[in-house]
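Below: one structure, written as structure tokens.
Just so it is clear, the values below take in all heavy atoms, side chains as well, and ignore hydrogens, waters and symmetry mates.
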Amino acid sequence: MSGSVPGGDSSATPNLTPILDMVFQLITFFMLVINFKAAELDLSLQLPVLMSAKPLPAGAGKLKILVLNVQVAVKCPHPGCDALATLVRKLDDNRKLVGYELRCEKGHVEPASATAVANGRTCVSVYGHLLCKERRDKELPSISEYLSSEADLSLLAAQLTRDQVIHEGIPLPDIVVIRADSTCRFGAVNYVITEAQKQGYRKFALRTAHNDKVQAPN
Ligand SMILES: [Zn+2]
């Protein structure tokens, strides 16, 4: 007799092709849309408008671009919170400034004045963390320690030694892009540039906003 009985000898193999197709498509999709570079950029910054702003020099794409978001931070005013907070502009739908607020690392938002961070600590925000002049805890290095580790990578890429850079004055080829909010004090920007220079970086670009995108602060 021919023909098979359900549950008999014939083994049923599930067809995996559609599910594998879908998994590969999902992997491809996420690989295409993920953007690691964007994580370095804190888009909440309001960049100052500068007439002398220029695009990066030709060939800059081949070099590492170290983006430093300079911020001034104070202790979060939220009761019982020990995180650091930075000043954020509140804009209405027409991108007009309507006020300021302090936003902390843990997500607290408190109304504030434009001078709320005047005496705050100089910080650099890296991947959502604020690094200060002094080491904050075991996980968060100081600004100079962070720049030193970045300089190590730049040295490796440029096949230079630290001695050549620090003592012989050979500059690191990589470009340091400084981004700072227009409310950020100059001293903080200057400190970060000086620390980067100590590590051998000589090429700096100050990132500013285009005239047509952001209204100049009044
Ligand atoms: Zn807080």
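Cluster membership for Leu156 and Leu172, using ILVMFWY side-chain heavy atoms within less than 4.5 angstrom, is not shared. Leu84 and Tyr146 fall into different hydrophobic clusters, where Ile, Leu, Val, Met, Phe, Trp and Tyr side chains are chained together by heavy-atom contacts under 4.5 Å.
Looking only at atom types and distance, the side chain of Asp163 has no donor-acceptor partner in the side chain of Thr161 under 3.5 Å away.
By the side chain to side chain donor-acceptor pair (under 3.5 Å) test, Asp92 pairs with no residue at all, sequence neighbours left out. For Ser149, the side chain to side chain donor-acceptor pair (under 3.5 Å) test picks out no residue, with sequence neighbours left out. Among residues two or more places apart in sequence or in another chain, the side chain to side chain donor-acceptor pair (under 3.5 Å) test is passed with Lys75 by none. Legend: residues meeting salt bridge (Lys or Arg N to Asp or Glu O under 4.0 Å) with Asp93, ordered by chain and number and at least two apart, are absent.
The ring-ring contact (aromatic ring centres under 6.0 Å, His included) analysis of residues 77-100, with sequence neighbours excluded, yields the pairs His78-His108.
The side-chain contact (heavy atoms from CB on, under 4.5 Å) test with Val70 is passed by exactly one of Ile193, Ile143, Val192: Val192. Applying side-chain contact (heavy atoms from CB on, under 4.5 Å) to Leu68 and the options Val126, Leu131, Val176 leaves one that passes, Val176.
Considering every non-hydrogen atom in both Val165 and Gly200, the closest pair reads CG1-CA, 3.3 Å. The two residues Cys132 and Arg121 make their nearest non-hydrogen contact at CB-NH2, 3.8 Å.
Ile175 places none of its side-chain heavy atoms less than 4.5 Å from the side chain of Phe204.
Contact check on Glu101 versus Arg103 returns a salt bridge, with a Lys/Arg side-chain nitrogen under 4.0 Å from an Asp/Glu carboxylate oxygen. We find that Glu150 and Lys64 are joined by a salt bridge, their nearest charged nitrogen and carboxylate oxygen being less than 4.0 Å apart. We find that Asp82 and Lys106 are joined by a salt bridge, their nearest charged nitrogen and carboxylate oxygen being less than 4.0 Å apart. Look at Glu105 and Arg136 and you find a salt bridge, because one of the NZ, NE, NH1 or NH2 atoms lies within 4.0 Å of a carboxylate O, short of that distance.
Looking only at distances, a side-chain donor or acceptor of Ser142 sits under 3.5 Å from a matching main-chain atom of Glu145.
Alongside Phe186, the hydrophobic cluster contains no other residue (criterion: ILVMFWY side chains under 4.5 Å).
Around atom CG of Asp21, more than 12 heavy atoms belonging to other residues, nucleotides or ligands sit under 6.0 Å away. The neighbour count for Glu168 CD, taken as heavy atoms of other residues, nucleotides or ligands under 6.0 Å away, is above 12.
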